[in-house]
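Written out below as structure tokens is the structure these notes cover.
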Amino acid sequence: MRLSRYFLPVLRDTPKEAEIVSHQLMLRSGMVKQSAAGIYSWLPLGLRVLTKIAEIVRQEQNRAGAIEILMPTMQSADLWRESGRYEAYGKEMLRIVDRQERDLLFGPTAEEVVTAIFRDSVRSYRDLPKNLYNIQWKFRDEIRPRFGVMRGREFLMKDAYSFDLTADGARKAYQRMFVAYLRTFARMGLKSIPMKADTGPIGGDLSHEFIILAETGESQVFCHKDLIEGAIPAADTDFDGDLSPIIEAWTSKYAATEDMHDAATFEANVPADSRVSARGIEVGHIFYFGTKYSEPMGARVQGPDGQMITVQMGSYGVGVSRLAGAIIEASHDAGGIIWPVPVAPFEVGLINLKAGDADTDRAATDLYVKLQAAGIDVLYDDTDERAGGKFATMDLIGLPYQLIVGPKGVKSGEAEVKARRTGARASMPMDAALAHVIDSVVSQRVLV
RNA sequence: CGGAGCGUAGCGCAGCCUGGUAGCGCACCAGUCUGGGGGACUGGGGGUCGCAGGUUCAAAUCCUGUCGCUCCGACCA
């Protein structure tokens with residue numbers, strides 16, 4: 001993409017309503033624009049990030065055996081009356097009345113919808129297990145939206161729902177999502193830590209929040225330091241096999257958010273020099289809830305002995321739009337955002353330092369064409385802005401690599417490569433610079 | 001919902017107390033000079049001062065109401 005033809009409304013000053021760094025940088029880099037409290041438009045740069053995050057989530061859900069569907073944003077109140085949640089949910093649920101005076105709502109979650117889909121379509125235990133997920137906009141009328149997209153009212157969420165015949169089957173479904181989440185967040189360059197979460201009325205140990213550490217995190221978290229560098233399951237993990245060893249490795253060491261924290265247990269089980277107390281951001285939440293919805297909504301299948309069996313369910317959320325902010329919280333510096341390659345809106349920023357100069361234009365255009373031909377997402381700054389402004393903008397929007405072409409370099413046949421994360425710059429022959437950038441990007445794209 | 005603030009150009013702000021032609025920086029447009037980390041000069045364009053009432057000869061400024069937004073708290077992916 002040529003910057004001269006793109007829509008990238010960057011701001012030099014920080015809008016005063018933005019309090020935390022991810023919100024400030026998302027506004028400054030022209031990723032999002034607030035439309036109302038907690039409601040945002042996603043501008044081109046932000047949309048590219050959102051799309052890349054969603055695609056990683058999708059790939060890992062599919063790998064773990066979940067099947068994508070798409071459920072509506074508008075839901076019927078009658079479904080929620082079946083589960084008893086229409087009255088129970090409270091003011092967080094946005095209720096709407098249509099022209100026929102029917103009660104609707106903008107879905108804050110989709111247990112009822114998916115349970116209805118399942119019960120109307122599945123009759124036999126032979127059809128289990130199943131895990132259906134969708135990536136869809138949700139709305140929760142938060143009392144106080146804040147922190148930009150980290151705590152918006154409208155947000156993009158991946159929510160998966162598992163259906164099993166037995167509690168043991170549900171545990172296996174839970175484990176598949178657990179492993180999928182470890183991979184999902186790692187692929188975005190995040191170190192996530194599964195932490196014990198409140199299981200509500202069901203009890204047991206099947207609820208975890210996936211937390212990433214960031215100074216501006218919303219809650220205090222406590223864990224064993226080994227978990228920060230925990231091993232990520234490989235791409236060829238057998239999701240049909242026994243995942244217990246992986247789960248065991250991640251859950252045997254202490255990790256809890258402040259509401260689940262027990263200082264005595266923490267100090268008894270974790271050596272003093274391994275205790276981590278930090279701020280965390282919740283980016284995923286998985287839990288098993290048994291028959292909470294299947295029972296009142298009549299989601300049953302016929303078992304091998306002819307008896308009707310109420311299915312065991314679990315649900316698994318990932319805050320997709322929240323992740324855009326969370327990644328920035330975890331990866332930025334004074335100059336702006338530092339995108340990990342897999343979620344970067346563009347992988348390379350090509351800077352023409354003297355647009356309009358025939359030789360420089362020719363060299364930059366040549367690199368632009370070759371980068372595109374190599375399948376690299378490249379943003380080519382072909383504007384006639386001054387060098388300083390171009391560098392500042394490129395640092396702000398955080399593309400992982402900058403390829404800098406100026407008249408001096410062109411004379412000697414050289415271009416400069418800058419790695420955004422380290423700030424390291426190196427001048428090298430055009431072809432070498434091109435190869436270096438391509439190799440760097442390709443090697444960081446996918447976690448194997 | 002309780003507490004505290006803020007609404008003046010795209011962004012950041014001054015002006016309001018003490019009523020009298022709506023300003024500054026950045027951004028934007030034209031031109032000249034510049035040209036490797038947000039350059040300089042000259043000349044421009046852009047505003048129902050959130051909205052509605054009221055007081056007044058006169059309201060961004062005073063009064064009343066209302067809407068929006070932000071921060072702290074309870075709530076949450």
Side-chain angles (χ1 to χ4, degrees), chain A residues 8-20 23-24 27-30 33-39 43 57 89-93 107-110 135-160 181 185 197-198 207-212 217-219 257 259 280-287 315-326 334-336 351-357 360 381 383-396 402 404-411 414-416 418 423 425 427:
Chain A
L8 185 70
V10 298
L11 300 173
R12 196 156 163 177
D13 299 313
T14 302
K16 66 177 174 183
E17 73 265 20
E19 192 71 9
I20 62 169
H23 191 193
Q24 294 173 348
L27 292 172
R28 286 228 291 136
S29 63
K33 173 108 179 110
Q34 181 166 324
S35 177
I39 301 176
L43 305 183
V57 170
Y89 211 92
K91 289 188 165 179
E92 257 194 8
M93 184 158 75
T109 177
I135 298 173
Q136 176 62 290
W137 292 93
K138 304 288 192 296
F139 193 93
R140 291 182 192 172
D141 197 359
E142 297 285 346
I143 293 169
R144 183 148 95 87
R146 59 182 134 174
F147 305 150
V149 300
M150 296 263 287
R151 180 79 181 281
R153 291 195 292 172
E154 189 180 57
F155 55 97
L156 189 62
M157 180 179 174
K158 186 285 300 184
D159 43 321
Y181 278 27
F185 301 126
D198 190 358
S207 181
H208 286 89
E209 291 180 4
F210 284 73
I211 302 284
I212 63 164
E218 61 208 324
S219 59
T257 58
D259 22 323
I281 300 170
E282 181 184 351
V283 289
H285 195 168
I286 62 179
F287 51 96
S315 82
Y316 316 90
V318 170
V320 175
S321 49
R322 159 177 279 206
L323 273 165
I351 299 177
N352 181 340
L353 285 178
K354 195 169 185 182
D357 175 80
T360 313
D381 187 346
T383 66
D384 60 3
E385 196 189 347
R386 304 176 63 80
K390 292 193 176 200
F391 290 135
T393 297
M394 209 54 93
D395 285 351
L396 173 64
Q402 295 172 17
I404 302 159
V405 182
K408 293 171 195 163
V410 168
K411 276 200 178 64
E414 293 195 327
E416 198 170 9
K418 174 179 166 180
R425 304 164 64 133
S427 209

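These numbers were taken from a predicted model, which means no experiment stands behind them. Letters go in sequence order (proteins before strands), and every chain restarts at 1.
Nucleic acid contact class of G389(A) (heavy atoms, under 4.0 Å, all strands): base. Across all strands shown, A36(A) has heavy atoms under 4.0 Å from sugar-phosphate atoms exclusively, and none from any base. Backbone-only contact: K16(A) has heavy atoms under 4.0 Å from sugar-phosphate atoms and none from a base. Note on G409(A): a base of the nucleic acid sits closer than 4.0 angstrom, heavy atoms only. At a threshold of 4.0 angstrom between heavy atoms, the contacts of N352(A) with the nucleic acid are absent. Residue contacts for A392(A): at a heavy-atom cut-off of 4.0 Å it reaches a base atom on one of the strands shown. Within the nucleic acid shown, K158(A) has no heavy atom closer than 4.0 Å to any nucleic acid atom. Base contact: D395(A) has a heavy atom under 4.0 Å from a base atom.
Across every strand in view, rU56(B) sits unpaired, with no contact that passes the Watson-Crick or G-U test at under 3.5 angstrom. The nucleotide rU66(B) finds its pairing partner in rG50(B), both defining distances of the Watson-Crick or G-U wobble pair being shorter than 3.5 Å. For rA77(B), there is no paired base (Watson-Crick or G-U wobble, both distances below 3.5 Å). For rG45(B), there is no paired base (Watson-Crick or G-U wobble, both distances below 3.5 Å). In a base pair of the Watson-Crick type (N1 to N3 plus N6-O4 or O6-N4) or a G-U wobble (N1-O2 and O6-N3), with each distance short of 3.5 Å, rC71(B) is matched with rG3(B). Of the nucleotides present, rC11(B) is the one that pairs with rG25(B) by Watson-Crick or G-U wobble criteria, both distances under 3.5 Å. Nucleotide rU61(B) is matched to nothing when pairs are restricted to Watson-Crick or G-U wobble geometry with both distances under 3.5 angstrom. Summarising the base pairing, rC16(B) is matched to no nucleotide, lacking a Watson-Crick or G-U wobble pair whose two defining distances lie under 3.5 Å.
Without hydrogens or angle criteria, K158(A) side chain to Y316(A) main chain gives a donor-acceptor distance under 3.5 Å. Of the possible polar contacts, none joining the E218(A) side chain to the I281(A) backbone as a donor-acceptor pair under 3.5 Å is found. The backbone N or O of V283(A) sits nowhere less than 3.5 Å from a side-chain atom of Y181(A) that would complete a donor-acceptor pair.
The distance between atom CD of E385(A) and atom C1' of rG35(B), rounded to the nearest whole Å, is 12 Å. Rounded to a whole Å, the CG atom of L27(A) is 15 Å from the P atom of rC69(B). The interatomic distance linking D357(A) (CG) with rU34(B) (C1') rounds to 15 Å, in whole Å. Across the protein-nucleic acid pair, D13(A) atom CG and rG38(B) atom P stand 16 Å apart, rounded to whole Å. Taking atom CZ on R28(A) and atom P on rG38(B), their separation rounds to 15 Å, with Å as the unit. A straight line from CG of L8(A) to P of rA27(B) spans 16 Å, rounded to a whole angstrom.
If you check the side chains of Q136(A) and D159(A), you find no donor sitting under 3.5 Å from an acceptor. Between the side chains of S315(A) and H285(A), no donor-acceptor pair is found at a separation under 3.5 Å.
Comparing rA9(B) with rG44(B), their C1' atoms are spaced 15 Å from each other, to the whole Å. Across rU66(B) and rG73(B), the matching C1' atoms stand 26 Å from one another, rounded to whole Å. On the C1' atoms, rU61(B) is 6 Å away from rG19(B), given to the nearest whole Å. Taking atom C1' in both rA77(B) and rA4(B), the straight-line distance is 28 Å, to the nearest Å. When the P atom is used for both rC62(B) and rG5(B), the distance is 16 Å, rounded to whole Å. Annotation: rG23(B) and rC6(B) have their P atoms spaced 24 Å apart (nearest Å).
Under 4.0 angstrom from either OP1 or OP2 of rG68(B) there lies no side-chain N or O belonging to Q34(A).
Using cut-offs of 30° and 60° on the angle between ring planes, the pair F185(A) and F210(A) is tilted.
Residue order along RNA chain B, read from the 5' end via each residue's closest nucleotide, puts K33(A) first among R12(A) and K33(A).
Using a cut-off of 4.0 Å between Lys/Arg side-chain N and Asp/Glu carboxylate O, D395(A) and K418(A) are scored as salt-bridged. A salt bridge does not link R146(A) to E19(A): none of the charged side-chain nitrogens sits closer than 4.0 Å to a carboxylate oxygen.
R386(A) contributes a side-chain N or O that forms a donor-acceptor pair with the base of rG39(B) under 3.5 Å.
The nucleotide whose nearest atom lies closest to any side-chain atom of E17(A) is, among rG37(B), rG39(B), rU70(B), rU70(B).
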Worked check of side-chain contact (heavy atoms from CB on, under 4.5 Å) between R140(A) and M157(A)
CA-CA 12 Å; R140(A) 291 182 192 172; M157(A) 180 179 174; 4.3 Å; yes

Contact letters for nucleotides 72-77 of chain B, in which S counts primed atoms plus P, OP1 and OP2 and B counts the base, heavy atoms under 4.0 Å:
BBBBBB

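In this structure, T360(A) and P407(A) approach most closely via the heavy-atom pair OG1-CA, 3.6 Å.
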